[in-house]
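Okay, handing you the structure first.
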Amino acid sequence: MLWVKAFHIIFVASWFAGLFYLPRIYVNLAMVPPGSSAERERLLLMARKLLRFTTLLAVPALGLGLWLYLGYGIGKGPGNGWMHAKLAVVLLAVGYHHACAVLLRKLASGESRRSHRWFRWFNEVPVLLLTAAVVLVVVKPF
């Protein structure tokens, strides 16, 4: 079980590293001056590759977490309300990941009208999600 837990933590940390940086690329995309197509295309390429890589990291993170939950019963039973809250945080993280993919499609097609300030705020969401998940797992407040 400790190997599964260790790899789960590694993949979660790696997944979130991608979620921390991907919206930062969106900030830069939102700031590209009109007519600077080379810079825009370079940033889009970086974002596409990072999204793909981040998705590949999310799959084992989620799979190993499911293995810990179902296979070892971690967080099951009475007194484990923290796990239900953590699972809600995980669902929010998956939703955020999906939102990043949708935003990338809109940025690539030129449909996004979001400002760089909006993307800066959007970039803070994974920090809050990771903080909540870690506190729930370590402190187990309920």
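The figures here come from the full heavy-atom set of this structure, side chains too, leaving out hydrogens, waters and symmetry mates. Quantities reported herein were computed from a predicted structural model and do not represent experimental measurements.
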Quick check: does any side chain N or O of Lys49 sit under 3.5 Å from a backbone N or O of Met46, one acting as donor and the other as acceptor?
no
Once you round to the nearest 0.5 Å, how far does CG of Leu87 lie from CH2 of Trp82?
8.5 Å
Let me confirm one number: the CG-CZ distance from Leu107 to Arg114, rounded to the nearest 0.5 Å.
10.0 Å
Treating Ile, Leu, Val, Met, Phe, Trp and Tyr as nodes and any side-chain heavy-atom pair under 4.5 angstrom as an edge, say whether Val94 and Leu57 lie in one connected cluster.
yes
Search all heavy atoms of Leu22 against all heavy atoms of Ala47 and return the closest pair with its distance.
CD1-O, 3.5 Å
Kindly indicate whether the side chain of Ile25, heavy atoms from C-beta on, has any atom under 4.5 Å from the side chain of Leu50.
yes
Could you tell me the separation between the CG atom of Asn80 and the NZ atom of Lys86, rounded to the nearest 0.5 Å?
12.0 Å
Got a sec, which pairs hit ring pair (Phe, Tyr, Trp, His ring centres under 6.0 Å) with one end in residues 19-62, sequence neighbours left out?
Tyr26-Phe119
Write down the atom of Gly18, the atom of Pro23, and the distance for their closest heavy-atom approach.
O-CD, 4.5 Å
For Lys5, is the NZ atom crowded, meaning more than 12 foreign heavy atoms sit under 6.0 Å from it?
no
According to a 4.5 Å side-chain heavy-atom criterion applied to Ile, Leu, Val, Met, Phe, Trp and Tyr, with indirect links allowed, do Phe11 and Trp3 form part of one hydrophobic cluster?
yes
Counting C-beta onward and ignoring hydrogens, is there a side-chain heavy-atom pair between Leu129 and Phe16 closer than 4.5 Å?
yes
Which value, rounded to the nearest 0.5 Å, describes the distance between Glu39 atom CD and Leu43 atom CG?
5.5 Å
When rounded to the nearest 0.5 angstrom, what distance separates CG in Leu29 from CZ in Arg24?
11.5 Å
If you group Ile, Leu, Val, Met, Phe, Trp and Tyr by side-chain heavy-atom gaps below 4.5 Å, do Tyr69 and Met1 land in one group?
yes
Within a reach of under 6.0 Å around NE2 of His98, are more than 12 heavy atoms found that belong to other residues, nucleotides or ligands?
no
What one should report as the nearest heavy-atom pair of Gly81 and Phe142 is O-CE1, 3.3 Å
Under the criterion side chain to side chain contact (heavy atoms under 4.5 Å, CB included), I'd like the reasoning laid out for Val134 against Leu130: C-alpha separation, chi angles, the key distance, then a yes or no.
CA-CA 6 Å; Val134 170; Leu130 185 60; 4.1 Å; yes
Polar contact flag, side-chain donor to acceptor under 3.5 angstrom, Asn123-Trp121:
no
Modelled atom types, side-chain donor and acceptor of Thr55 and His97, under 3.5 Å
yes
Grouping I, L, V, M, F, W and Y whenever their side-chain heavy atoms are under 4.5 Å apart, do Val125 and Leu91 come out in a common cluster?
no
Hey, mind stepping through Leu62 and Val90 against side chain to side chain contact (heavy atoms under 4.5 Å, CB included) and telling me if it holds?
CA-CA 9 Å; Leu62 295 168; Val90 170; 3.6 Å; yes
Output all residues satisfying ring pair (Phe, Tyr, Trp, His ring centres under 6.0 Å) with Trp118, sequence neighbours left out; order by chain, then residue number.
Phe122
Are any side-chain N or O atoms of Ser36 and backbone N or O atoms of Pro33, one a donor and one an acceptor, separated by less than 3.5 Å?
no
Steps toward side chain to side chain contact (heavy atoms under 4.5 Å, CB included) verdict (Leu44, Leu104)
CA-CA 8 Å; Leu44 284 171; Leu104 179 55; 3.9 Å; yes
Rounded to the nearest 0.5 Å, what separation is found between the CG atom of Asn28 and the CZ atom of Arg42?
8.5 Å
Closest approach of Val135 and Pro141, non-hydrogen atoms and distance?
O-CD, 4.2 Å
When clusters are formed by joining ILVMFWY residues with side-chain heavy atoms under 4.5 Å apart, either directly or through shared neighbours, do Leu66 and Trp15 land in the same one?
yes
Determine whether a donor-acceptor pair (N or O, by modelled atom type, separation under 3.5 Å) exists between the side chain of His116 and the backbone of Ala30.
no
